[in-house]
Protein chains: 2
Amino acid sequence: MTKSRVTVVDIAHAAGVSKSTVSLVLQASPLVNEQTRAKVNAAIRELGYVYNRGAANLRQTASSKIVGIVVNDLTNSFFAELAVGMDMVMQSAGFVQFLANTGESIDRQREVIASMREHGISGLIISPARGTEAADFKPLTASGVPVVVVVRNVAGAKVSSLLSDNRAGARAATEHLISLGHRRIAFLGGFADTAVSGERMQGYREALSAAGLDADASLVVNSAPSRAGGVAAIERAMLISERPTAALCFNDAVAFGVCDGLRARGLEPGRDFGVVGFDDVIEAQTAVPALTTVSVDPQGMGRRAAQMLLKQINSGRVEAEATIASVRLVVRQSCGAKTKTWDGGKTWDGGTSHDTAPGDTGSDTVGTDRRQHDRA
Amino acid sequence: MTKSRVTVVDIAHAAGVSKSTVSLVLQASPLVNEQTRAKVNAAIRELGYVYNRGAANLRQTASSKIVGIVVNDLTNSFFAELAVGMDMVMQSAGFVQFLANTGESIDRQREVIASMREHGISGLIISPARGTEAADFKPLTASGVPVVVVVRNVAGAKVSSLLSDNRAGARAATEHLISLGHRRIAFLGGFADTAVSGERMQGYREALSAAGLDADASLVVNSAPSRAGGVAAIERAMLISERPTAALCFNDAVAFGVCDGLRARGLEPGRDFGVVGFDDVIEAQTAVPALTTVSVDPQGMGRRAAQMLLKQINSGRVEAEATIASVRLVVRQSCGAKTKTWDGGKTWDGGTSHDTAPGDTGSDTVGTDRRQHDRA
DNA sequence: CTGTTAGCGCATTCAG
DNA sequence: CTGAATGCGCTAACAG
């Protein structure tokens, strides 16, 4: 049953024309007679012809319409949302994407990048595994393949990057807790050795010192950026001699875990203990008034990254521009006191507009979109 | 800077041999002199040569080492886990995967399948969008491309499928709630028109009638299979004249929403109201004793589906075998009474072993793995 | 063991 | 408007 592939010559033969005529029909060229076109199309349908992009891409002028997407942890909803955002714009641009999950393994990452290269991707978006170095992208960029790095910065890499304003977000969130009267605010979850964690911690410390509070090191509790990690972190935090009354969580997974842990002790998050989570994917998943969050809008970020990449692919020019996306502080009623007002609905350039639920949710965009151009 | 691609002839020239010798080296053929091999490899490294799979696949005997993966909602953690499982085995088998998210859009699905076909995928795994018909796979299977359908069955399609035992799982879960003394048990979430929902509902009804309880239609509350949907569902369920005391939730997202809704009314899930969720991804994400769940182990299912596909690709024979994967009922302490014991750690064939947290969690495998062979 | 030759399916001149 | 010729990078026969 394995039919041998039907090719242009087959349908050319069936339609009684030559292969190049068929080729012209395939590209919707106006240079071909209407009748002929109809005959050719009929033959195509009849024989079940499928265009072979592999062959087409072989021609030197062709660009592959394939991009690579590499993600460090698809299990984390944040990155899944990110991938969905990318998928959206890639699909509408007629691209298809290789997606690979590295699970933080730098070896896997190297393998998949190599593999994608062999398959002729014309661009790459990557949320790099921990420990990724600038050299890892060198082969790509050297052969003119644009690369966009998202979420985590890679020092010294001459590639475009799209990061979120972690420092400003953490600072705003911490200030929010302070404004509610909290004085002992913990920072829970994440590992100290990552850049993202470092930036968020910095914003947290800035807010504390600006308010004249001293940053007690014991208030910082590292843990895995997962729900289980959040449980562990809040449990350790509750053992601190002078207990915190609120926490900034590295992650929304951590925030969920913290809520679990609080409830296990009979405390209601938001009412008895202030909780703010980062990396908001909750917003999209639930209408429940829950935690206050610092939303980086992963899906929007994905769309934006994809657009950055497409721009470079289409222009044929690879850039190395770092852009820092602003984040939004989304305050929900459960955190008690205050409701900030929504700033008017900022949307990503070219993206679809982002709905914000009206009513008891308000948000503030914090940080500014800024770009810094590096040149070789 | 856009260097023109370096090809086999270039390195053949540099190494002072012919292209076919280079080709032999690339395939690690033993037919080539050790010295020559070294020279060739040196030239490869030197000139930064990258293998061009597009060209290689052009040869008629070649198989592309590319598979397609189509998912209906990557935003749902269940499907993200599923994709991760597939990714694992595909990567280790040296395949790269096109991943596309359809978001339940059947048009998008058609587009991406067509696109993948043009790119020469040698197999497809798909969790079909609602409304997918057997005819949608016809072009693939007709050209000898194996297809594995997961999660949702597509009636009449001559493809392999891997489904979970929804009926048995729902029945076991319901029986569990009954054994805890519940008499009014609601079925919350999901849409009545989907096959998956229908199967789960059937199991639910079976358990009720086996226990001599009548299946009050008002106890079934449909809603979106999301967290927000769960909130809505429990709110409607609480308006029923004779209130339920427990619920079987279509989804774990729904289950989470139900918990949100219960807490909003001051009820603690598990203690004041029995909650069982389906589609367990929670297990992997948290160590918190939470709901009782019916776990279909999405990641393991993904691995298994990938193995099924690879088998067909490698054997060159496309099959149409339906296999129903058994599910596990995971009972956690918070559901109150009873703790069942773990059956010994069933693992998927060839998969890595699945850790089960010891301690306060027990589980039972329900349903049996069964296969039914369809032949054309 | 190594070199020669001939396509794979398609797009692109260049002539009719 | 259409047909014949050429090459993309690689592999598979077949000779040396």
Side-chain angles (χ1 to χ4, degrees), chain A residues 2-41 43-44 47-66 115 117-122 143, chain B residues 2-41 43-44 47-66 115 117-122 143:
Chain A
T2 328
K3 305 205 163 197
S4 63
R5 238 182 178 320
V6 26
T7 110
V8 270
V9 293
D10 296 325
I11 77 122
H13 188 76
V17 298
S18 89
K19 359 177 184 182
S20 32
T21 307
V22 177
S23 186
L24 288 179
V25 173
L26 289 176
Q27 315 169 49
S29 165
L31 301 158
V32 60
N33 191 332
E34 196 49 54
Q35 275 184 343
T36 323
R37 178 195 310 284
K39 269 196 304 190
V40 170
N41 280 327
I44 286 181
L47 303 192
Y49 165 77
V50 321
Y51 186 88
N52 183 336
R53 289 190 186 277
N57 293 156
L58 212 47
R59 308 235 69 264
Q60 56 211 146
T61 55
S63 72
S64 74
K65 288 289 200 177
I66 302 178
S115 170
R117 213 154 86 87
E118 294 184 348
H119 280 284
I121 55 170
S122 50
S143 34
Chain B
T2 329
K3 305 205 163 195
S4 61
R5 241 184 177 315
V6 26
T7 106
V8 270
V9 294
D10 296 324
I11 78 122
H13 188 76
V17 298
S18 90
K19 0 177 184 181
S20 34
T21 306
V22 176
S23 185
L24 289 178
V25 173
L26 289 176
Q27 316 170 48
S29 164
L31 302 157
V32 59
N33 191 331
E34 197 49 55
Q35 277 184 341
T36 322
R37 178 193 310 281
K39 269 196 305 187
V40 170
N41 280 327
I44 286 181
L47 303 192
Y49 165 78
V50 323
Y51 185 86
N52 184 336
R53 288 190 187 277
N57 292 157
L58 210 47
R59 304 233 74 270
Q60 56 212 144
T61 55
S63 73
S64 74
K65 288 288 202 176
I66 302 178
S115 170
R117 213 153 87 87
E118 294 184 348
H119 281 284
I121 54 170
S122 50
S143 36

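Note that the structure is predicted; figures quoted are calculated from it, not measured.
Note that OH of A/Tyr51 and OG of A/Ser23 are 7.0 Å apart. Values are rounded to the nearest 0.5 Å. Taking OG1 of B/Thr36 as the reference point, atom CD of B/Glu34 lies at 8.5 Å (rounded to 0.5 Å). Distance check, rounded to the nearest 0.5 Å: CZ of A/Arg53 to OG of A/Ser64 gives 10.0 Å.
Under a 3.5 Å cut-off, the side chain of B/Asn57 and the backbone N or O of B/Gly54 do not form any donor-acceptor pair. In this structure a side-chain-to-backbone donor-acceptor pair under 3.5 Å is missing from B/Asn41 to B/Ala38.
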Each nucleotide N or O in nucleotides 14-16 of chain C that has a protein N or O under 3.5 Å away: list the pair and distance.
none

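Inter-residue side-chain proximity for A/His119 and B/Ile66 is flagged as met; some heavy-atom pair is nearer than 4.5 Å. Residues A/Asn52 and B/Leu58 meet the side-chain proximity criterion, which asks for heavy atoms closer than 4.5 Å. Two residues are said to be in side-chain contact when any heavy atoms from C-beta on lie closer than 4.5 Å; A/His13 and A/Val9 fail this criterion.
Taking atom CD1 of A/Ile11 as the reference point, atom C1' of D/dT2 lies 14 Å away to the nearest angstrom. Between the NE2 atom of B/His13 and the P atom of C/dT4 there is a distance of 13 Å, rounded to whole Å.
Distances shown here put every side-chain N or O of B/Thr36 at or beyond 4.0 Å from the OP1 or OP2 atom of C/dC1.
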May I have the step-by-step check of side-chain contact (heavy atoms from CB on, under 4.5 Å) for A/Val8 and A/Leu26, ending in yes or no?
CA-CA 10 Å; A/Val8 270; A/Leu26 289 176; 4.1 Å; yes

Between B/Arg117 and B/Ser143, is the side-chain contact (heavy atoms from CB on, under 4.5 Å) condition met? List the steps.
CA-CA 10 Å; B/Arg117 213 153 87 87; B/Ser143 36; 3.5 Å; yes

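Helix bend of the helix from C/dC1-D/dG16 to C/dG16-D/dC1: the angle between its two end axes, each built from five pairs, comes to 40° after rounding to 10°.
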How would you summarise protein contacts on nucleotides 7-16 of chain D per nucleotide, using B for base, S for sugar-phosphate only and - for none, with heavy-atom distances below 4.0 Å?
BBBSBB----

